[in-house]
Amino acid sequence: MKQIIGGNWKMNGSRLAALEFLSEMKRLGSGSVSSEIVLFPPFTLISLMADAAADAGIETGGQDIFWLEKGAFTGEISPAMLVDAGASWFLVGHSERRHVIGETDDIVRRKLEAGLETGLRGILCVGELIEERDAGRTEEVVRRQVESALKGLECVSTENFVIAYEPVWAIGTGLTATPGEAERMHSLIREWVAGAISIDFADNTRIQYGGSVKPDNAAEILSRPSVNGALVGGASLKAKSFMDILKAVPPQD
Ligand code: PEP
């Protein structure tokens, strides 16, 4: 399975820095790595970046999406607007959307469905809070997030869908799940995906790990058989560190 490495810039970046980042990525060889690369800049930078990103072998996506096409929804961005800006991907359910903005499982599901129906490819983020982990509720929480997003979803395929397991306590904190912990959760997520859709679908669905992935820990995480890529926040803001993570991907079929 081809690994997929995502870079989530969150609320960071400027026009100048974005174009410099892309020319540096190209110079460092992003066009010839074996993984799929997707960058999620702020919405304001997508149309500026899309062509130069494609030239550097990088796809672009929105960090979020709304579930309706147009109308009186101040501040929202529709799936068609993302396509128009040149994006081919979107993220849904990132922990900052769930826990800072307050998005529910139902909202995440509606966004996922709308984005996939429009022909975009989506990454569903799931993961437990530290309180949930400490209370022994990790499996219950992540299972609920996976099943509520996927059960009965018709427009989903292994080409247009990826899951990112991101334990919330590991995002931006410098903490990471041990490779063993990540593997265990990835295997469970695959079981829940199998129950929600099918075994064949689950076997062929890529599951990324996210949470403080850096150049110095990427190789260990990405070499685990159940890990099919990474979603990277902080370390995707600099071309050198993002490229070092891409270079840490083991040879793949
Ligand atoms: C993220 O934003 O999805 C993320 C994993 O961030 P970081 O790599 O900075 O922990």
Side-chain angles (χ1 to χ4, degrees), residues 3-13 17-18 21 25 35-43 45-46 58-65 87 89-103 108 111-112 115 121-130 132-133 138 141-142 145-146 149 161-179 181-183 185-186 189 206-224 226-249:
Q3 294 224 8
I4 173 164
I5 309 294
N8 176 13
W9 282 8
K10 313 191 185 196
M11 199 170 69
N12 295 291
F21 176 95
M25 286 292 289
S35 317
E36 207 167 336
I37 315 171
V38 194
L39 264 188
F40 297 91
F43 291 128
L45 297 177
I46 293 174
I58 299 172
E59 293 175 282
T60 53
Q63 294 173 18
D64 188 31
I65 197 166
W89 286 86
F90 61 97
L91 287 180
V92 274
H94 190 277
S95 71
E96 287 142 24
R97 302 287 323 168
R98 291 182 191 266
H99 301 298
V100 180
I101 311 295
E103 290 189 3
V108 172
K111 290 182 169 187
L112 177 64
R121 303 165 81 194
I123 299 182
L124 168 71
C125 304
V126 297
E128 79 285 1
L129 293 162
I130 189 68
E132 292 163 340
R133 174 178 155 99
T138 298
V141 168
V142 177
Q145 292 172 341
V146 169
F161 177 74
V162 170
I163 294 189
Y165 170 58
E166 302 200 294
V168 183
W169 47 270
I171 296 181
T173 58
L175 302 172
T176 43
T178 62
E181 279 173 330
E183 277 228 275
M185 280 309 292
H186 282 219
I189 288 170
R206 291 179 291 180
I207 306 180
Q208 298 174 307
Y209 173 79
S212 298
V213 175
K214 309 273 181 232
D216 59 0
N217 61 19
E220 194 183 11
I221 294 167
L222 293 170
S223 60
R224 296 287 166 146
S226 63
V227 175
N228 313 116
L231 186 55
V232 182
S236 70
L237 290 168
K238 293 266 180 290
K240 170 81 172 72
S241 54
F242 197 42
M243 268 311 294
D244 285 345
I245 291 172
L246 284 157
K247 286 179 186 158
V249 174

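Order of appearance sets the numbers: ligands from 1, and atoms from 1 within every ligand.
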Does this structure show an ion pair linking Arg133 with Glu181, if we count only N-O contacts that are shorter than 4.0 Å?
yes
Need the ligand 1 atom indices (1-based, order shown) with element for anything under 4.0 Å from a heavy-atom of Ser212.
7 (P), 8 (O), 10 (O)
Per-atom contacts, ligand 1 versus Gly234 - under 4.0 Å to a heavy atom
7 (P), 8 (O), 9 (O)
CD1/Ile171 to OG/Ser212 distance, rounded to the nearest 0.5 angstrom?
8.5 Å
Using a 4.0 Å heavy-atom threshold (strictly under), name the region of Ile171 that reaches ligand 1: side chain, backbone, both or neither.
both
Is it the case that Glu128 and Trp169 place a side-chain donor and acceptor less than 3.5 Å from each other?
yes
Report, in ascending order of atom number, the atoms of ligand 1 lying under 4.0 Å from any heavy atom of Leu231.
5 (C)
Exercise: identify the closest heavy-atom pair between Ile4 and Arg206:
CB-NH1, 3.7 Å
Across all chains, not counting sequence neighbours, the salt bridge (Lys or Arg N to Asp or Glu O under 4.0 Å) partners of Glu132 are none
Any N or O on Glu166 sitting closer than 3.5 Å to an N or O of ligand 1?
yes
How far does CG of Leu91 sit from CZ of Phe40, to the nearest 0.5 angstrom?
4.0 Å
Find all atoms of ligand 1 within a distance of less than 4.0 Å from any non-hydrogen atom belonging to Ala170, and give their numbers and elements.
10 (O)
What is the nearest protein non-hydrogen atom to atom 8 (O) of ligand 1, stated with its residue, atom name and distance?
Gly233 N, 2.8 Å
What are the atoms of ligand 1, with element, lying closer than 4.0 Å to any heavy atom of Gly211?
5 (C), 10 (O)
Separation of Leu129 CG from Arg98 CZ (nearest 0.5 Å):
10.0 Å
Check for me whether the distance between the ring centres of Trp9 and Phe242 falls short of 6.0 Å.
no
Check for me whether Lys214 has a heavy atom closer than 4.0 Å to any atom of ligand 1.
no
List ligand 1 atoms under 4.0 Å from Gly172, heavy atoms only on the residue side.
7 (P), 9 (O), 10 (O)
Is it true that Ala235 lies under 4.0 Å from ligand 1, counting heavy atoms only?
no
Shortest protein contact, atom 1 (C) of ligand 1 (heavy atom only):
His94 NE2, 3.3 Å
